[in-house]
Every structure is written in structure tokens, then in C-alpha cells.
Asker: 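Can you read through this structure? Questions will come right after.
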Amino acid sequence: MNKIYYFDHAATTMVKEEVLKEMIPYFTISYGNASSIYNIGRNAKYAVECSRSKIAKAIGANEDEIYFVSCGSEADNLAIKGICLANSDKGKHIITSKIEHPAVLNTCKSMEKQGFNVTYLNVNKNGEILLQELENSIRSDTILISIMYANNEIGTIQPIEQIAKIAKKHNIIFHTDAVQAVGNVYIDVKGQNIDALSMSGHKFYGPKGIGALYIRSGINFEKIQDGGHQEKDKRAGTENVPGIVGMSKAIEIANKNLDEHIDKLTTLRNYLISEIETYIPNAILNGDRTNRLAGNVNFSFPNADGQELLLKLDAYGICTSSGSACSSGQESPSHVLTAIGLNQNLAKGTIRISLGDENTLEDVDYLIEKIKKIVNNKN
Ligand code: PLP
């Protein structure tokens, strides 16, 4: 098979070998149900609890504040629905932003159908929410602020500490969808005053089908799925033990190498941006130039067709994305690009390149050469 040049790490990442190695025994040897009391069940339970502890440590939480779920989308659903349902006696108003992932936006829409009121904050041209608009949107019945840590399309990192400070001042619960941030930025939920945080294993070299939700102890939230009493009765369903073990190993590795990871990707990202701007002068960089995820590059090429560009790059073995993974194949312009003020023409000619650990300078040069060729020669 020809080499694959993978530049779509915001969509998903490969499972690291050390991660896979750690998971295998929980498929083949200690495959017991973590609720069973015999030996292989107890081994599984022990692995789940060790993993919980590793994940808590990686984000500065306590073990009993981590709940395992099946993915980032479920973590967002459990956080928003669970918190709203348990706190509706205090109010029914939620504040979020216009550039959230559908896992948050559609969950908020679903809460609207249940009688909740949602304010969708605007963002500036770099994709940052405006703190003054946030303050102005707070009402006496606001119970939840849910703002993503970093955007999945344009990589913009939100002013999390300031948002948390505003939420705390008004006694409002603050949830952040950190699916793109975990493994890419330093997170300390206590130091940053974050009340709830969603993560997903497959975004930081762990397996797919596993996620976690941190909820600060003392915050009331309701389960949203009926069934058994797993996860302290907050999330029914047999635990995905290999997934949990893999995700905890992946976060441990990510945190250990975080400085190096950020340095390497920032260097590659800045080089890629500067080369594209040099050779394709009408290219427009979306998102903030520096306040963005180390691995995120998002460009609009006027009059280009992002889908066509993506397919032509694919023919060279290059994987990129024309929008967020979940909305690719969709014709309408991305809600994120629309929210930062891009017109339809520019939004249509946009590609996202998300770098990862295995990318090299040679890989990036290959990518630049092919983008230049396709965009400038239109072939
Ligand atoms: N939130 C953000 C910001 C994401 O980028 C994604 C996935 O791309 C999700 C939530 C959903 O995560 P999952 O694919 O694990 O359901």
C-alpha cells in the first residue's frame, strides 16, 4: 500500500502501540465484566479504577469526579441534559456559543424542546466569544454555561479561565467540551475553575468508542440512560474495559509528552501557514494566528471547491478535511465558518489540516507541494 499522509487528527487519531498493548489483555485474559465478583471480573474492575485515577490526575480532578461514557458526544449529552434536568428548579436558561460541535448544539436544541431557553453567543472573526456578551446574556434563571475549550474546525482556544470566573461569580455551572483540547493543551480543572468537562479517547491516540465526563463533586446531575447501576448510578451499561484502559494510557502518554508535542506541532503549523501564504497569496487563514491548537491549520482559497481539493489531495494519498468530520459530505457551509463571517464562496473553498505526532517536515513539504499544484494550476 502506498504511504498515507494523514493530516486529519482532529477527526481521529491512530491508536498508539503502547496503548493497544495495554488494552489487549482486557480482551483476551481479564475479559470479565467489571461488575462480576470472581477474579477476572475483579481484575477488570481494578483496571477501570486505576484508569479513572490516571484520567483524574491528567486533568487535575479527583477520581470520584470521572464518569466513563461511550464517546465525546455522550459526555456532552450527559453533562448538558444531566445538569439541566437536575437543576431546573433554579432556572431553565443555558448559554452556549454558535460554534459548538453538533454534540452540544443539538443537545441544546433538544433541551429547548423540553422548555429550556438557550442563548447562542456570537464569536468574533477569530472565533472567540466576547466576554462582555457573555456577561450581558446572564439572567437570573441561567443555570449552565457550556463553551467549548477549542474549536474542532478552526482550532481557536476560548478564554476558559475568564469564562469560568464569570460563571463562578454568578454561581452558574460551567461545562466545557474539551474533546479537541485534551492531549493538546494543559488542563487543570480545579485551577481553571471548570465544573464539567467532556473528552473522547480517539482524539488523543486512544481507541474509538470511549469517552469520559468530569463533573465536580457537589454538582447535581441526573442520569440520562436507564439500566444498571454502573458509574455510581449515573451511566448505565457494562463498562468498556479495554477502551477505558486504552484511553487512560493514551492520556498518560499525551500528558508526559505534552511540551514536546506542542513545540513540534506549533513549528510544523507555523511553517505550513507561512509557506501557503507565500505561494498562494490570496489564501485566507481562518481562526486566530497564534491562539489556536498547535496542530490546527484552516485555510480558505477564494473560488476553490474544498470538496474537490480534498478529493484531489486524496488521490495523492493525503487525508485532510473540508470541514468538521461529522459534517463532511454535507453541502451547506459550515456553521463555524458562517459564524466567523465567511461568505459562502470562501466557506466552500475551505480545508482543515490537522497535524499530529507522526507527521514530519517531509510530510508537510509533500502536502504543501500538492496544495500549491492543485490550487495554483487548478488540477
Ligand atoms: N466535540 C468536539 C469539539 C468534537 O470535535 C467532537 C468530534 O469530532 C465531538 C465533540 C464528538 O466526539 P465523539 O466523536 O467522540 O462523539
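Start at 1 and go down the list; that is how both ligands and their atoms are numbered.
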Asker: Between Ser354 and His9, do the side chains contain a donor N or O and an acceptor N or O under 3.5 Å apart?
Answerer: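 No.
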
Asker: Under a 3.5 Å distance rule, please check whether Gln180 uses its side chain to pair with a backbone N or O of Tyr149 as donor and acceptor.
Answerer: no

Asker: Under 4.0 Å from a heavy atom of His202: give me the atoms of ligand 1 that qualify, with their elements.
Answerer: 13 (P), 14 (O), 15 (O)

Asker: Listed by chain and number, what are the side-chain contact (heavy atoms from CB on, under 4.5 Å) partners of Ser137, not counting sequence neighbours?
Answerer: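 Residues passing side-chain contact (heavy atoms from CB on, under 4.5 Å) with Ser137: Ile95, Thr119, Leu121, Glu133.
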
Asker: Measuring from the heavy atoms of Lys208, does anything fall under 4.0 Å of ligand 1?
Answerer: no

Asker: Would you mind listing which atoms of ligand 1 come within a distance below 4.0 Å of any non-hydrogen atom of Met148?
Answerer: 3 (C)

Asker: Using atom types as modelled and distance alone, determine if a side-chain donor or acceptor of Tyr205 lies under 3.5 Å from a backbone N or O of Asp357.
Answerer: yes

Asker: So is Glu100 touching ligand 1 or not, going by heavy atoms under 4.0 Å?
Answerer: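 No, that is not the case, since the closest heavy atom of the residue is not under 4.0 Å from the ligand.
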
Asker: Measure Ser200 to ligand 1 on non-hydrogen atoms and call it side chain, backbone, both or neither using the 4.0 Å cut-off.
Answerer: side chain

Asker: Measure Lys203 to ligand 1 on non-hydrogen atoms and call it side chain, backbone, both or neither using the 4.0 Å cut-off.
Answerer: side chain

Asker: Between Gly72, Ala11, Ala10, flag the one that comes closest to atom 13 (P) of ligand 1 by a heavy atom.
Answerer: Gly72

Asker: Mind checking whether Asp76 contacts ligand 1 via backbone (N, CA, C, O), side chain (CB onward), both or neither, at a 4.0 Å heavy-atom cut-off?
Answerer: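 Under 4.0 Å from ligand 1, Asp76 contributes side-chain atoms alone.
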
Asker: Going by the rule side-chain contact (heavy atoms from CB on, under 4.5 Å), which residues pair with Asn62 if we only count those two or more places apart in sequence or in a different chain?
Answerer: Asp64, Glu65, Lys190

Asker: Determine the sole option in Lys223, Lys234, Arg235 for which the salt bridge (charged side-chain N to carboxylate O under 4.0 Å, His left out) test with Glu74 is passed.
Answerer: Arg235

Asker: In terms of atom number and element, which parts of ligand 1 are under 4.0 angstrom from non-hydrogen atoms of Asn152?
Answerer: 3 (C), 5 (O)

Asker: Spell out, as yes or no, whether a donor-acceptor pair under 3.5 Å connects the side chain of Asn240 to the backbone of Gly209.
Answerer: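 Judged by distance alone, yes, a pair lies under 3.5 Å.
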
